[in-house]
Structure formats: C-alpha cells, structure tokens
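Order of the sequence lines sets the chain letters (A, B, ...), proteins ahead of strands, with each chain counted from 1.
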Amino acid sequence: MSRLAAAFARARAQNRAAFIAYLCAGDPDFDTSLAACRALLANGVDILELGVPFSDPLADGLTNQLAAQRALESGMTAARVFELARRLREGSDAPIIFYTYYNLVFANGVDAYVRAAKVAGVDGILTLDLPPEEAGEVTAACRAHGVDTVFIIAPTTPDARIGKIAAVTTGFIYYVSREGVTGVRDQVAGNIPEALARIRAHTQLPVAVGFGIGSRAQVTQVAAHADGVVVGSALVNGIRDNLGDRARIAPTLAARAADLAAGTGRK
Amino acid sequence: MPTAATEATGLDRFSLPDAGGHFGRYGGVFVPETLMTALSELGAAYEVARKDEAFQAELRHHLKEFAGRPTELYFAERLTAHCGGAKIYLKREDLLHTGAHKINNALGQALLARRMGKKRVIAETGAGQHGVATAAVCAKFGFECVVYMGAVDMERQALNVFRMRLMGAEVRGVEAGQKTLKEAINEAMRDWVTNVRGTHYILGSALGSHPYPMMVRDFHRMIGRETKEQILAREGRLPDEMIACVGGGSNAIGFFFEFLEEAGVRLVGVEAGGRGITRGDHAARFEGGKLGVLQGCKTYILQNPDGQIELTHSVSAGLDYAAIGPEHAFYRDRKRIDYAYACDDEVLETFQLCSRLEGIIPALESTHALVHGLKRAKQMRRDELLVINLSGRGDKDVNQVAKILGVKL
C-alpha cells in the first residue's frame with residue numbers, strides 16, 4: 001500500500017478526515033522551513049503538501065505568492081527543494097506530495113524530475129496548471145517511478161470530465177471547494193456535500209477538499225464529508241506573522257496544527 | 001485540394017492549430033482546472049461565431065465605423081530615399097481608433113463576450129494599448145471593465161492609464177514580481193479563476209491557452225489580407241519582405257498569416273533586444289529562451305535552468321514579456337518566419353528618425369520593426385519591395401522618450 005493510501009486508510013479507521021497541510025518549501029529559508037514542516041508532521045498532520053516555489057504562481061492568492069517569493073529569495077532551487085524533501089523523509093514516514101507548476105517539472109525533462117522526486121522520498125505530484133489532456137508525459141513518468149498523480153476537480157468541472165480526471169488520478173482527488181485562488185476565507189463553500197457526491201459517483205479514490213479552509217471549525221465542517229481536509233494559507237500566515245523572529249515559526253505552526261488536527265474527527 | 005500557393009511552401013496555414021490547440025509541439029491548454037470549462041465554452045462559441053455570417057458582418061461593420069478600417073498602405077518616400085534600397089511601405093495600423101492594431105481583437109472578443117452573455121470583461125495590458133482598446137469597446141458595448149497593469153508599466157504609460165479611466169475602466173495596478181506584463185497576466189488569470197462564470201477575459205495577444213492564440217490571430221488576419229490587396233493594387237506584385245515586431249506576436253501573425261504560403265515573401269519578426277542579449281536585459285525569446293510552459297501555453301520562454309521565469313527588459317512595455325506566441329515558435333522551426341531583434345538605443349534613434357523624415361511618430365514597439373526594416377532596406381535592391389507593419393502610434397511614448405532623452409516638457 002502506498003504511503004498516501006495508508007494515510008487515508010488510517011484516518012478512515014479512526015473515523016476522521018486526513019489532515020493535509022501545505023507549506024511552501026524554503027519559506028522563509030531552508031532551515032526554518034525544515035523545522036516548520038517537522039513541527040507539522042509531529043502535531044497531527046497526516047500528509048504534507050510541499051509547495052515548490054515558482055516565480056509565477058497564477059493559481060495562488062497573495063499569501064502563497066509571497067511565500068514563494070520569500071523562498072526563492074532565500075535561495076531555494078530545484079535541488080534544494082529535493083534536499084528538503086529528503087531531510088523530511090529521514091525522520092518521518094508521512095506522505096509528502098509536491099504542489100507545483102508544470103514548467104518546473106518540464107524544465108529539465110519530466111522523467112528526470114519525477115525520478116529525482118521519488119529518490120527524495122516524494123509520494124505524489126499535483127501540478128496546478130496541467131490538465132489531464134496535457135498530462136501524458138507526467139502520468140507515464142509517475143507510473144514508471146511509483147509516484148502518485150493527484151489532480152484537481154473544481155466546482156466548474158462538468159460530470160463528463162470528472163471520470164476523465166479520476167482515470168488519471170492515483171492517491172487522491174483534490175477538490176477545490178470554490179472558484180478562485182488559494183487563501184483563507186470567512187466561510188467554507190456551502191455545496192461541498194453535493195460536490196463530493198458528484199465526484200464519488202465516478203471514483204472510489206479518497207477526495208480531499210481545499211482552498212479557503214483555515215479554522216478548526218471549518219476543518220470540522222468539511223471533515224464531516226471529505227476524506228481529507230487541506231489547510232494552506234492559514235499555516236503560511238503563521239510564517240508571515242513571525243518573520244521578525246524565525247525561531248517562533250515552528251512552535252507557532254506546531255500549536256496551530258495541533259488545534260486544526262483536533263477538528264478532523266467526525267461525530 | 002492544395003492550391004498552387006500551398007505547393008509553394010508546403011504549408012497549410014489553416015491546418016493549425018489542432019483540436020487541442022497545438023501548433024506542432026507548441027501551444028495547448030495549461031491552466032488550472034477551474035478554467036478548463038470556460039476555455040472549452042469559449043472555443044465552442046468562437047467556432048460557431050467564426051462561421052456565422054451575421055457575426056462576421058457585424059464585426060466588419062464595427063471595424064469600419066468604430067475602428068476605422070481599412071488602414072492605408074503608405075509609401076514611405078523619405079525613409080526609402082534615406083536608406084537608398086528597397087521601396088519601403090508602412091501598413092498604417094497606427095491610424096486605427098485607440099492607436100494600435102489591438103482594437104481589431106478587442107472588438108472581435110467583445111462581440112463574442114456579448115454573444116456568450118457575459119456582463120464583465122477583464123484584460124491585461126503592458127504598453128496600455130490593449131487596455132485602452134478593451135476599455136473603448138467595453139464603453140461602447142456597456143460592459144463592466146477591469147484592466148490589470150503592472151505598476152512599472154502604469155508609470156511609464158501614465159497617459160494610457162488615464163485614457164482607460166476616462167472610458168470607464170477600472171485599472172488595477174499589480175505590484176508583484178517585476179511589475180510588468182507577465183504579472184498583469186497572472187493577476188488577470190486569478191481574477192478570471194475567481195469570477196469565471198460571468199466574466200470574459202479579453203486576452204490581448206496571440207498567447208495563452210487555446211483558443212486564444214488562434215482566435216486572436218484570426219481577429220487580426222485582415223491586416224495581412226488588406227496588405228495583400230493594397231500592394232497588388234499599387235505594385236502589381238507581392239512584397240519581397242515583410243517585417244513586424246513580436247511581443248506575444250498578435251500584430252505579426254495577423255500581418256504574416258495571409259502570406260505564409262507565398263514562398264517568395266520573406267517574413268521577419270523582430271523581438272526586443274533591450275540593453276543587449278544578456279540575462280535579464282532583453283525580451284528576445286529566440287535568443288536564449290528554451291521550451292517551457294507559461295500562462296497557458298507551451299512555447300519559447302526566457303527562464304533559468306530550474307524553470308523559473310527570468311526578468312526581462314525592453315524600452316517598450318508591449319514587448320517586455322518572457323514568452324512568445326506558440327504559432328511563431330512553430331513557423332520558426334519550419335523556417336518560414338525568421339526572427340531578429342532590435343535594441344533600445346537603436347529603437348530610440350529610429351523613433352526620432354521616422355518622426356522627422358515621415359511626420360509619423362511610431363510606437364516604441366513598432367519601432368523595433370522599423371529598426372530592422374531600415375537595415376534590410378539598405379541591403380535590398382531598389383526594385384525590391386519591403387512592407388513594415390506600423391502596429392501602433394507613438395503618442396503614448398512621447399513622455400517616456402522625452403525623459404530618456406533628458407528633455408524637460
């Protein structure tokens with residue numbers, strides 16, 4: 001069983017949703033980022049979504065744009081992102097997925113990139129701007145190297161496309177709960193149960209819900225229906241708010257993760 | 001059945017792109033899932049509209065009465081004498097309403113947006129010409145209009161910002177990254193992802209995801225069609241060479257398209273050489289760029305070894321962009337269109353020369369084509385014909401040029 005499948009199975013057995021946490025690799029610098037990711041994994045995070053910093057993150061809101069900018073300015077490169085994943089893998093068996101943009105995967109050859117990711121201990125790749133229609137090379141490389149391919153389904157995705165997306169997805173489906181970019185919102189989208197039912201009519205894969213989820217109450221609300229809950233910007237804000245004293249970042253994120261993780265249970 | 005012209009170059013210009021938007025290995029659709037349905041709806045609506053005679057007739061009507069088509073093909077007598085070689089003609093897209101070829105595409109997409117029932121229009125702009133054209137058509141057709149523009153571009157094109165606002169558009173400055181066209185497109189795409197159901201994105205160049213590169217090209221094809229008729233009427237034959245500037249490449253592909261199968265007509269696109277071809281100092285994608293994916297399509301991109309997009313520079317905001325339209329990359333591979341570049345200092349010199357000799361102030365973007373055109377004219381024979389696409393006028397640039405030249409206004 002893959003690490004991703006095992007993580008979802010374990011959460012399901014405990015009658016809760018898997019807690020998926022996003023941070024941008026190298027935000028605000030390599031060492032702080034490593035400590036922050038470890039703090040998350042030690043405090044209830046089941047799956048780590050590691051954002052690979054890109055110069056032009058057009059699917060991301062301001063919080064994550066600035067995170068990517070901080071990471072790049074601190075000297076993050078493709079090699080350093082792999083190094084970060086490798087260091088995390090040394091101390092943890094939790095699944096790690098890359099949340100990235102296609103040009104970074106494509107730049108030096110898709111197969112070489114996926115192989116390097118696998119060697120670093122990465123379990124899956126989600127490429128924000130790569131629809132299934134263009135994903136043949138990535139899915140082939142991922143199958144060859146044993147890396148899961150996570151794809152997004154959006155509220156605007158018609159039923160006819162859901163099956164097509166599910167067919168190339170392994171690991172889990174990422175349902176984007178609202179139209180828009182990443183970022184914390186006051187309220188979670190109201191139609192999540194209907195959307196999940198629509199997706200589950202086409203696939204047995206676990207479905208995680210993300211975009212706009214930031215508080216424990218929101219996590220609980222979504223966890224009642226979803227197999228996994230993704231929190232990103234709310235955690236990244238914990239970095240942003242402590243840039244003046246980077247030693248406080250890991251403890252801040254540890255506390256925030258523990259609080260959010262406590263919200264993943266179902267009644 | 002292939003025509004004689006098709007046999008001449010072995011190309012069929014109408015065969016591209018394929019159903020997925022590919023021009024050979026270039027183009028395609030690379031966007032977040034949220035936009036996939038909007039793009040396929042747009043593609044379907046455009047397919048119907050392009051074959052609908054009523055749509056095309058209405059578009060022709062507005063192009064004539066609102067934009068001022070057809071534009072003249074002008075014999076540049078004094079530039080010709082100055083160079084002492086080929087006869088130089090200028091295709092006067094600068095005479096169009098709002099000052100550049102951009103209005104052709106803005107009108108076409110506005111009619112399409114109305115057909116699709118969209119009430120709100122967004123656009124990105126670099127030099128401001130596409131933003132101004134979009135603001136104008138939105139005023140004319142009553143759309144709510146938001147234009148994204150990099151903060152650096154807003155400063156160097158302040159006049160165009162005011163023009164857009166006068167016509168009722170909201171201009172939103174973008175502070176991210178290097179604050180130019182690329183960041184404006186990122187922000188426009190974020191807006192579109194968020195408001196996709198009621199909003200149409202009027203992308204301003206032959207760039208981005210399918211169907212944009214094809215649709216924008218088609219909306220500019222009359223530039224080449226008119227040029228062909230006009231040069232045949234004037235000279236009784238086709239030109240020997242045609243030159244256009246290439247940012248994303250919309251004016252160039254519209255100008256060249258009608259001639260792609262004419263083997264005797266040399267086609268040259270001119271990129272922005274900025275301060276020279278060193279990293280971060282230029283926007284000449286075929287000089288040091290490599291294959292990649294940016295903002296919706298696969299094409300040549302200025303990027304670092306990891307795939308991070310490089311900084312670019314050009315004196316002209318409209319050419320200051322890291323990627324080139326996918327159809328250009330395809331025809332370069334096929335050796336049908338050649339590419340050259342012009343640098344800032346040559347552009348500033350020719351900007352003044354053209355103004356002085358012809359009484360025509362060219363846009364800095366279009367001046368890139370003039371720089372290369374004047375070099376070529378000198379190398380060509382007096383009985384040869386050279387047509388340069390003067391894609392826009394330079395009124396918007398006079399403040400910036402005065403500043404660079406140290407002239408106090």
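At distances below 3.5 Å, not a single donor-acceptor pair connects side-chain atoms of B/R190 with backbone N or O atoms of A/G180.
Using a 4.0 Å cut-off between a side-chain N of Lys or Arg and a carboxylate O of Asp or Glu, A/E134 and B/K298 do not qualify as a salt bridge.
Both the backbone and the side chain of B/I309 come within less than 4.5 Å of a heavy atom in chain A. With a threshold of 4.5 angstrom between heavy atoms, A/P53 approaches chain B through N, CA, C or O but not through any side-chain atom. Only the side chain of B/V196 comes within less than 4.5 Å of a heavy atom in chain A; its backbone stays farther off. Of the atoms belonging to B/L291, heavy atoms from both backbone and side chain fall under 4.5 Å from chain A. Using a 4.5 Å cut-off between heavy atoms, B/E310 does not touch chain A at all. Both the backbone and the side chain of A/F54 come within contact range of chain B, with heavy atoms under 4.5 Å apart. With a threshold of 4.5 angstrom between heavy atoms, A/L128 approaches chain B through N, CA, C or O but not through any side-chain atom. For A/I165, the part sitting under 4.5 Å from any heavy atom of chain B is the side chain, from C-beta outward, and nothing else.
Side-chain contact between B/H210 and A/E133 is absent, with no heavy atoms from C-beta onward closer than 4.5 Å. Side-chain contact between B/R197 and A/T156 is present, with at least one heavy-atom pair separated by less than 4.5 Å. At least one side-chain heavy atom of A/P158 sits under 4.5 Å from a side-chain heavy atom of B/T37.
Taking a 6.0 Å sphere around CG of A/D186, one finds it holds 12 or fewer heavy atoms contributed by other residues, nucleotides or ligands. By the 6.0 Å contact criterion, CD on B/E155 is open, its count of non-hydrogen atoms from other residues, nucleotides or ligands being 12 or less. The environment of CZ in B/R279 is sparse: at most 12 heavy-atom neighbours from other residues, nucleotides or ligands sit within 6.0 Å.
Put simply, CG on A/D129 and CD on B/E33 are 12.0 Å apart, with the number rounded to the nearest 0.5 Å. Of the inter-residue distances, the one linking A/S55 atom OG with B/L294 atom CG reads 7.5 Å to the nearest 0.5 angstrom. Atom CZ of B/F30 and atom OH of A/Y101 lie 15.5 Å apart (nearest 0.5 Å). One finds the NZ atom of B/K182 at 3.5 Å from the CG atom of A/D56 (value rounded to the nearest 0.5 Å).
In this structure, a donor-acceptor pair under 3.5 Å is present between the side chains of A/N103 and B/Q303.
Looking at every heavy atom in both residues, B/P32 comes nearest to A/A59 through CG-CB, 4.0 Å. Scanning both residues, B/D306 and A/N108, for their nearest heavy atoms gives CA-ND2, 4.2 Å. The minimum heavy-atom distance between A/A154 and B/T34, with the atom names listed, is CB-OG1, 3.4 Å. In this structure, A/L72 and B/Q308 approach most closely via the heavy-atom pair CD2-NE2, 3.4 Å. Minimum heavy-atom separation, B/K290 to A/A107: NZ-O, 3.1 Å.
Your options are B/M36, B/H22, B/E183, B/M189, and the one with the most heavy-atom pairs under 4.5 Å with chain A is B/M36. Interface summary for chain B: among A/T157, A/V105, A/L130, the most heavy-atom pairs under 4.5 angstrom belong to A/T157.
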